[in-house]
Amino acid sequence: MSSFSDDDAFEAAAAPQPSLSQQAMQARGAPYLDGLNVAQREAVETLDGPVLMLAGAGTGKTKALTCRIAHLLGTGRARPNEILAVTFTNKAAREMKSRVAALTGHVEGMPWLGTFHAICVKLLRRHAELVGLKSNFTILDTDDQLRLLKQLIAASNIDDKRWPARMLAGIIDGWKNKAWTPAQVPVGEASAFDGKGVALYSAYQQRLKDLNACDFGDLLLHMVTIFQTHEDVLAQYQRWFRYILVDEYQDTNVAQYLWLRLLAQGHKNICCVGDDDQSIYGWRGAEVGNILRFEKDFPGAHVVRLEQNYRSTGHILGAAAGVIAANKGRLGKTLFTEGEDGDQVRLIGHWDGEEEARWIGEEIESMQRGTRGNAALPLNAMAILVRASHQMRAFEDRFLTIGLPYRVIGGPRFYERMEIRDAMAYFRLAVSHDDDLAFERIVNTPKRGLGDKAVQTIQTTARSNGVSLVEGARLAVEGGLIKGKGGKALAELVQRLDRWHRQLREEADTHVEMAEMILDESGYTGFWQNDKTPEAPGRLENLKELVKALENFENLQGFLEHVSLIMDNAQEEEDDKVTIMTLHAAKGLEFPAVFLPGWEDGLFPSQRSMDESGLKGLEEERRLAYVGITRAEKLCTISFAANRRVYGQWQSQMPSRFIDELPSEHVEVLTPPGLYGGGYGAAGMGAEANPASMGMTSNLHQKAADANVYNSPGWRRLQARSQQRPVSQPLESRTMVIDMTATSSFTTGDRVFHQKFGYGEVMEIEGDKLVIEFDKAGEKKVVAKFVVSAAAADDVPF
DNA sequence: AAGTCCTGGTTTTTT
DNA sequence: ACCAGGACTT
């Protein structure tokens, strides 16, 4: 159990207000106010009444936010535990904490600085009984949630093919984001999920209550419910939180908005920071409307605009401004810089996605050498920002081929990996035998000969006796209901669970030793050791890391409490590598050089987004474009391809409509926009690469013509290629892709290139497996079920 | 109960 | 093209 020692002074008398002269004195000598610009200073020093800080990209909003906190503390306006400061991500919370600490010199404190979810957990643990939970409730992850929903769907005789659990999870999440309890779902939603959505939602909430659990959405929803139905509880917190600060306000959903509004009604000292132009999470419930409506919601609000940008050059800001200007209903900001104009944003069209990757690879290498009249840049200074994660593949393939170090951000997070979840389920079960979901997860992992039927027997036994699944399993074993190998294994499992539980209580061993023992005795470690698939060693590595992470906690329970809210994965930053990530993942980051590939209609803006959300969707895509461009400090390169393979099919592409919105004075056109394979329907042979045939009226065409780009060698090469090569064939390929089932194509001594491990040499051939010694690590690996391309060592494929 | 084949779906992602 | 989950087979 977490202790509440940091806020036990909750009901203590209010802090005495310092006199004005005292404030002025303290403020004068306040080092944290140095170096703020006029707007930032206004945002920091306006302490009475609601404040909306409209902070454009790169305008120093975190600085303003942290200085405001320092100022509140420095002037004695509030004590650290009277300030509520909420962020969306753990990363942002960490950053704010450390910056406040650096400004004020107090390392700890600020117990109420955290993510919405972390703060809600803290609150909900104190008031859980008001929504029918116990204080030690567990927080379900998405897997548990889905397993539960699947059971409910199966129980209500719905065709789970047409109505999958994932869809229901999405619907329920959406409702929770809107702060609708089952009773509050409006009648207009009655047809959701084959008309049974609301009933299933209600059943789901009941199941959660029975399990003493809640999901992520509940953390907020329950707190909103409590605040709405228990005036005394609300009043207590309204009194306590003298100042409220909110980061990324444009990303708040309805539930978060209600939560904030309820809390802010006490002192009305709420300061929201956000940028309506950077709202890119509408698809997961964020309401830009919240920030647009701020002045209505909080009468007397003071709006401060941070418009001086410290990140990007003039041309980059100009290009970004041109794109975002096409959106309607903005609050409006005009970013400016006192720095240089710098290089124009570059725009280049390519024949296909592979050529785009090839060109960007070369460009990165040349920037690394410092050509183009710019200083040499380390790879860490460069990023490729894509719309959809499948675009990353082309770059990975290419960079592996030329040996360019890269780092991919995103993908499955550490705590979402299968092996980590399995291990956690064992830990959860050892701590509490009541955790039915954890039991279901691991009962047959590793394989114990317990199939659907055995699991069903356990479930019915448990239900008819009104006990948990572990107890049900015990009864089933004792009653001889499960026979043979499975029965034996189950008996053993139950026995071990008992012993682990006892040992945890007795604290005979440290929790780290216990964790290792649990993984060992359960057979889970052995399960992966015996697995010969190439990912098995990585999984074992992850398990080791998990055990190592345990060392930072007092006990297993404490670890489990924290982990459910921290889905971060730490990235090693010290290596010099190019970063590849999605535009969404790039929000809040900055890089000297940014590449924005794949600017093609349908891909970016995404067709699906436009289909599903129409103009609203398009505007969000446009904000994404804005976010992308404004990540760049010095160099920004936008590109598109005329042809792209989509789900294995070649498709001719239209340049993104956003390209036409780029103001030409801020753009350097390397090849003309409008390059695409002869228009729609003509994908295939000899597509025209002549701007005259494209019917595009981009303001950039003339510019391209003026620059004589159409006569440039690059353009001629494109034209020549377009005439030679059918679209359905890869451009030029010297790598031969060989399926490992055809090992006969190899002989020992062959040089090979592997997508994951790089270059190597075939040492032995064993049936359908190759034993390859890879150059890089000098280690031998048995490779099976992998695609290997043949490549001569001296002939690096281009 | 476990291994193999087939089908459908494929934007973005935090907590 | 590629993956995951479910139906189907052993």
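Chain naming here is simple, since letters A, B, ... match the order of the sequence lines and numbering starts at 1 in each.
Geometrically, A:R622 does not engage A:F658 in a cation-pi contact, judged by NZ or CZ lying under 6.0 Å from the ring centre and within 45° of the ring axis. For the pair A:R623 and A:Y626, the cation-pi criterion (under 6.0 Å, within 45° of the ring axis) is not fulfilled. Both the sub-6.0 Å distance and the 45° axial angle are satisfied by A:K178 relative to the ring of A:W180.
Rounded to whole Å, the distance from NE2 on A:H390 to P on B:dG9 is 17 Å. Distance CG (A:D173) to P (B:dT13): 16 Å, rounded to an integer number of Å. Rounded to a whole Å, the CG atom of A:D143 is 15 Å from the C1' atom of B:dT15. In this entry the distance linking CE of A:M392 with P of B:dT12 reads 8 Å, nearest Å. Rounded to an integer number of Å, the gap from A:R448 CZ to B:dA2 P is 11 Å. The distance between atom CD1 of A:I280 and atom P of B:dT12, rounded to the nearest whole Å, is 13 Å. The CG-C1' distance, from A:L124 to B:dT15, rounds to 14 Å in whole Å. If you measure from atom OH of A:Y281 to atom C1' of B:dT15, you get 12 Å, rounded to the nearest angstrom.
A sub-4.0 Å separation between OP1 or OP2 of B:dT15 and a side-chain N or O of A:N90 is present. The side chain of A:N253 places no N or O atom within less than 4.0 Å of a non-bridging phosphate oxygen (OP1 or OP2) of B:dT14. Contact check, A:T582 against B:dT13: a side-chain N or O comes under 4.0 Å of OP1 or OP2.
Nucleic acid contact for A:L450: sugar-phosphate only, since backbone atoms but no base atoms lie under 4.0 Å from a heavy atom of the residue. Counting non-hydrogen atoms under 4.0 angstrom, A:S609 reaches a base of the nucleic acid. The residue A:D452 sits close only to the backbone: its heavy atoms come under 4.0 Å of sugar-phosphate atoms, none of a base.
Side-chain atoms of A:F216 lie closest to B:dT15 of the nucleotides B:dG3, B:dT15, B:dT10. Which of C:dA1, B:dA2, B:dA1 sits closest to the side chain of A:R645 comes down to C:dA1. Comparing B:dA2, B:dT12, B:dT13 against the side chain of A:A585 picks out B:dT13 as the nearest. Of the candidates B:dT15, B:dT12, B:dA2, B:dA2 carries the atom nearest the A:K447 side chain, counting heavy atoms from C-beta on. Checked against B:dA1, B:dT12, B:dT10, the side chain of A:Y647 finds its nearest nucleotide in B:dT10. Closest to the side chain of A:K453, out of B:dT12, B:dT14, B:dA1, is B:dA1.
The aromatic ring centroids of A:W259 and A:Y257 lie 6.0 Å or more from each other. Proximity of the aromatic rings of A:H117 and A:F88 is defined here by a centroid distance below 6.0 angstrom, and this criterion is not met.
Here A:W283 packs flat against the base of B:dT12; its ring centre is closer than 5.5 angstrom to the base's six-membered ring, tilted by less than 30 degrees.
Residue-to-nucleotide proximity on DNA chain B shows that, of A:F88 and A:S606, the 5′-proximal contact is made by A:S606. Remark on DNA chain B: of its neighbouring residues A:L219 and A:E620, the 5'-side contact belongs to A:E620, judged by nearest-heavy-atom nucleotide.
Under the 30°/60° scheme for interplanar angles, the aromatic rings of A:F604 and A:W599 are found to stand perpendicular.
Note on A:E354 versus A:R644: no salt bridge recorded, every NZ/NE/NH1/NH2 to OD/OE distance being 4.0 Å or above.
Just one of A:M418, A:M424, A:R428 meets the side chain to side chain contact (heavy atoms under 4.5 Å, CB included) condition when paired with A:R441; it is A:M418.
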Please tabulate, one pair per line, each protein N/O and nucleotide N/O from nucleotides 2-8 of chain C that are separated by under 3.5 Å, including the distance.
| residue | atom | partner | partner atom | Å |
| --- | --- | --- | --- | --- |
| C:dC2 | OP1 | A:R393 | NH2 | 3.4 |

